[in-house]
Structures are given as structure tokens and as C-alpha cells.
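These notes concern the structure reproduced below.
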Amino acid sequence: MQYFFHLGVHQTSTPYVQETLSRNLEALRAQNVFYVNAEMPKAVVRQRRVVRRLCDPNKPTPEIDALVGTNHAVADAARAAGAKKVLFSNDQCLGPAMHEAFAMGLETPAFYPRAHTCFRHIVRGLPLRKSKILIYSRNPETYLTSLYSEAIRLGITNLDIDGFCRAVAVDSVDFEGLRERLASLHDNLQVTMRAHERIRLGAETYMRTFLRDLGVEAHRFVFSPAPAEDTLDAAQIEALRHIAMGSETKRPELINQLRAQVVQSAPNPLDRLTLPEWVSDRFRASEQAEIAHFVRLAANSL
């Protein structure tokens, strides 16, 4: 059997992919795919618990073999079902995103610093030589604004975007570096990375790309529209920050009502949330340095 791990980096529409897969479970079964999230959901819950314990400094570190029994049970169930492919989809396999690590109280949260360790625990007992990782990347700037937007929406922080960027390790946002770290686990481990921005071409195009990487024919699938982009606009951010400042009021129901009104309103595309200039400058400098590096490599090979 082959094992596929969809590692949905935060803010890459993982819930949409999972919902589409679950709605088309019979189509997956017909093509000999055992979708663990739907067939054995407790296995994915156990994965999340182990990753949480690995990344939370206040919890005991789990043993490397903590998930071996679970993984063997998944493999046995897949064989019994006559499956040729096993698919896990888990947006927490890599550890907490930067805004979640910030909420956990970790100092200067970085971009999935323990991804390598987390994934080693996740796949323990399964053959890496027969495994493939499917992962989506983001433009670093839109990724960071999405994380900040989500942090404000969830009430994780009340910092402005400049303060949030200074509180996290913005320089660590490196999707290609993440791909290389995961690929280093085994010489035969395949890691396929796609651009999340493809969803702008249409939800069906996005899912067809995913299914092609999975080796599944898409003609039996029923696709539905993807949810609208949910990054809050600048005015919504300021409104939620202002509301949060009054959270000590004697009328908490009013605070909740005001928050709900702001969150449920459609963002204004003309009032886009933007990063501080110093962050954008860093990302541009990093990109230019990477381009110069590849130019030097090309020149030296001539």
C-alpha cells in the first residue's frame, strides 16, 4: 500500500479539502483509497494529541512509538477494505502555527520549528519508502496577514499588526525550507508542494490538482464552491481590537454580539490589511537573495 499525508499548512483551505473528500467518500472507496479521517477519525484525533504534547512545554513529551499501535490498526483496516492507498489529512501534523504558538505562550514563535520531529512521530510504524507528503505553500506576506487576522478573530491577541510581527519570527516563514526538512526524513519519501493561490483559479481546479497528486480520477467527484476568503479587512481588525479592549464590561453579552457582527460582515476588498513596510522589505530582501543564489549556481555550472 501507499501512504499519503496531506499536511495542510494553516490558512491553505484544509477544511475545504477535507469536506470535499468526506462528501465523496464512496468515490474514494471505489478507487481503493482508505480516507482515514472518515474511516477511522479517532486515529487523526490521536495524531493531534501527540503533536500537541510534543509542542506544549507544559506537557510531558510522548514516546516516539506513541502512535505505532494506531498506525498498525489503520494499516490493518485498510488491507481489510481492499485499499491500495491510505490518506491522512491533518492540519496539525506539523505543530502549531505561529499565532497558535503565540497563544501558548511560546517565546518568539517560529514557522513550524518542530515539523521534522512531529512528522517522525506521526509516521512511526509506517513505511516512509512508500509514503508521499502533499503540502501547500503560501506567499509569505499573505500567509502572515492571514495568521494575524485569525489571531484577532479568535481573540488570541489584541496587538496591532506591527506588534504581532515583532512578537513572532517573521524571518522563519520559509515554505521551501519546510519541504526540504520533511524530505530529509527518508531518501525515498516524496514531498509534493503546490501553491495555495491556485484556489483563486477555482475550487474545482484546486481539488483536481490535489486528486491528481493522489493518483485519483476526478470525474466521479462532486465539487462545491470554496468558502470566500475570510481575511478580515483593516477596519474590521481595528473594530475587534477596540471591542476587546472593553472586554471587562459588565455586559459581556454585548461584547459577544458586537464581535459577531464584525466577524460576520464581508471584508471590504478596498480596505486590505497590509503588513508593516519593514516586514515587506525583509521578505523582498530574502527573495532577492534567493534569486541571486540560484543565478550564481547557474553561472558556476556553465
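Note that the numbering runs from 1 along the sequence shown for the chain.
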Which residue, Tyr16, Phe175, Tyr206, forms the ring-ring contact (aromatic ring centres under 6.0 Å, His included) with Tyr136? Tyr206
Enter the distance from [X]:[atom1] to [Y]:[atom2] here, rounded to the nearest 0.5 Å.
X      : Y      : atom1 : atom2 : answer
His186 : Lys130 : NE2   : NZ    : 11.5 Å
Ile133 : Arg179 : CD1   : CZ    : 10.0 Å
Leu134 : Gln190 : CG    : CD    : 9.5 Å
Asn24  : Arg220 : CG    : CZ    : 11.5 Å

Checking side-chain polar atoms at under 3.5 Å, does Arg53 have a donor or acceptor matched by the opposite partner on Thr61? no
Are His196 and Ser13 close enough that a side-chain donor and a side-chain acceptor fall under 3.5 Å? yes
Give the intermediate values and the outcome of side-chain contact (heavy atoms from CB on, under 4.5 Å) for residues Tyr35 and Ser22. CA-CA 8 Å; Tyr35 180 39; Ser22 294; 3.6 Å; yes
Between Cys165 and Val170, the two heavy atoms sitting closest are O-CG1, 3.4 Å
Show the nearest heavy-atom pair for residues Lys132 and Asp213, with the distance to one decimal. NZ-O, 3.2 Å
Taking C-beta and beyond as the side chain, do Arg166 and Trp278 meet within less than 4.5 Å on heavy atoms? yes
Please work out which of the three classes, parallel, tilted or perpendicular, describes the rings of Tyr112 and His10, given edges at 30° and 60°.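 If you compare the ring of His10 with that of Tyr112, the planes turn out parallel.
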Decide if atom CZ of Arg181 counts as having more than 12 heavy atoms of other residues, nucleotides or ligands within a radius under 6.0 Å. yes
Applying side-chain contact (heavy atoms from CB on, under 4.5 Å) to Gln92 and Arg52, what does each step give before you reach the verdict? CA-CA 8 Å; Gln92 298 182 34; Arg52 184 75 177 183; 5.9 Å; no
Trace of the side-chain contact (heavy atoms from CB on, under 4.5 Å) decision for Asn90 with Arg48: CA-CA 8 Å; Asn90 193 340; Arg48 291 171 178 164; 3.3 Å; yes
Does Pro276 offer a backbone N or O that forms a donor-acceptor pair with the side chain of Asp162 under 3.5 Å? no
Asp91 and Val9: CA distance, side-chain angles, deciding distance, side-chain contact (heavy atoms from CB on, under 4.5 Å) verdict: CA-CA 6 Å; Asp91 60 352; Val9 173; over 6 Å; no
